[in-house]
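Side-chain atoms are counted along with the backbone in the values below, which use heavy atoms only and exclude waters and symmetry mates. If you read the sequence from its start, that first residue is 1, and numbering goes on from there.
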Amino acid sequence: RAVSTSSDGGMTWSSVVLDSTLIEPVCQASLLKHGEALLFSNPASTNREKMTIRVSYDNGVSWPVEQEIYNGSAAYSSLVSLPEDQVGLLYERNEYGEIVFWQGSLPDLPQ
């Protein structure tokens, strides 16, 4: 995953670097600010498989928490904040044959 950061609200950006923690094939991922956490979902593999949510508590500098949501084939994903500290994840799986909605709360993610 290529990463660039801004410290002035998006007026200027740093040089692009690759974050080796956020391994993935070329595929749409999702990024969401949820309370004090930054959430990132993607197929965490060099293939389109292993849909995973990663959590950062330092604005993406590190990703110490991860939870695999689905181990099989998986692709595009979209995260959403839901009431009562719940998180939703809409993603493709089973060779693009299904679109699935997963729902959970941050306490469900390992700390």
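A heavy-atom distance below 4.5 Å is found between the side chains of R48 and Y96. Annotation: side chain of L32 is not in contact with side chain of L38 (no heavy-atom distance under 4.5 Å). A heavy-atom distance below 4.5 Å is found between the side chains of M51 and L89. Within the 4.5 Å cutoff, side-chain heavy atoms of Y57 are placed close to those of V65. For the pair K33/N59, a side-chain contact is recorded, criterion being any heavy-atom separation below 4.5 Å from C-beta on. When side chains are defined from C-beta on, T46 counts as touching I23, because their heavy atoms get closer than 4.5 Å. A 4.5 Å side-chain heavy-atom check between I53 and I69 finds at least one atom pair inside the cut-off. Under the 4.5 Å side-chain criterion, counting only non-hydrogen atoms from C-beta, C27 is in contact with Y76.
Contact detail for N42 and A29: the closest heavy-atom pair is CB-CB, 3.8 Å. Heavy atoms only, all atoms of each residue included: S56 and V61 are closest at OG-N, 4.0 Å. Here the closest heavy-atom approach between residue L39 and residue W63 is recorded as C-CZ3, 4.3 Å. A pairwise comparison of heavy atoms in T12 and S6 identifies O-OG, 2.8 Å as the closest pair. Taking all atoms of both residues into account, the shortest heavy-atom contact from P25 to S45 is CD-O, 2.8 Å.
Under the rule for a side chain to side chain donor-acceptor pair (under 3.5 Å), S73 has no partner lying at least two apart in sequence or in another chain. For S7, there are no side chain to side chain donor-acceptor pair (under 3.5 Å) partners, not counting sequence neighbours. Here R54 pairs with E66 under the salt bridge (Lys or Arg N to Asp or Glu O under 4.0 Å) rule; sequence neighbours left out. Listed by chain and number, the residues in a ring pair (Phe, Tyr, Trp, His ring centres under 6.0 Å) with Y91 amount to none (sequence neighbours excluded).
Listed by first and then second residue, the salt bridge (Lys or Arg N to Asp or Glu O under 4.0 Å) pairs that reach into residues 87-105 are R93-E98, sequence neighbours excluded. Residue pairs meeting the ring pair (Phe, Tyr, Trp, His ring centres under 6.0 Å) criterion with at least one partner in residues 6-34, sequence neighbours excluded, do not occur; the list is empty.
For the atom pair CG (L31) and CZ (R1), the distance works out to 9.0 Å, reported to the nearest 0.5 Å.
In the hydrophobic clustering of ILVMFWY residues, with side-chain heavy atoms under 4.5 Å counting as a link, V55 and W102 come out together.
Checking Y70 against N94 by side-chain atom types alone, a donor-acceptor pair falls below 3.5 Å.
S81 contributes no side-chain N or O that, together with a main-chain N or O of V87, makes up a donor-acceptor pair within less than 3.5 Å. Panel note: side chain S77, backbone L90; no donor-acceptor pair is recorded below 3.5 Å. The backbone N or O of T52 sits nowhere less than 3.5 Å from a side-chain atom of S41 that would complete a donor-acceptor pair. A side-chain donor-acceptor contact under 3.5 Å links D8 to the backbone of M11.
No more than 12 heavy atoms of other residues, nucleotides or ligands sit less than 6.0 Å from atom CD1 of I99.
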(request) Run the numbers on E49 and N71 for side-chain contact (heavy atoms from CB on, under 4.5 Å), then give the verdict. (result) CA-CA 6 Å; E49 62 186 7; N71 186 268; over 6 Å; no
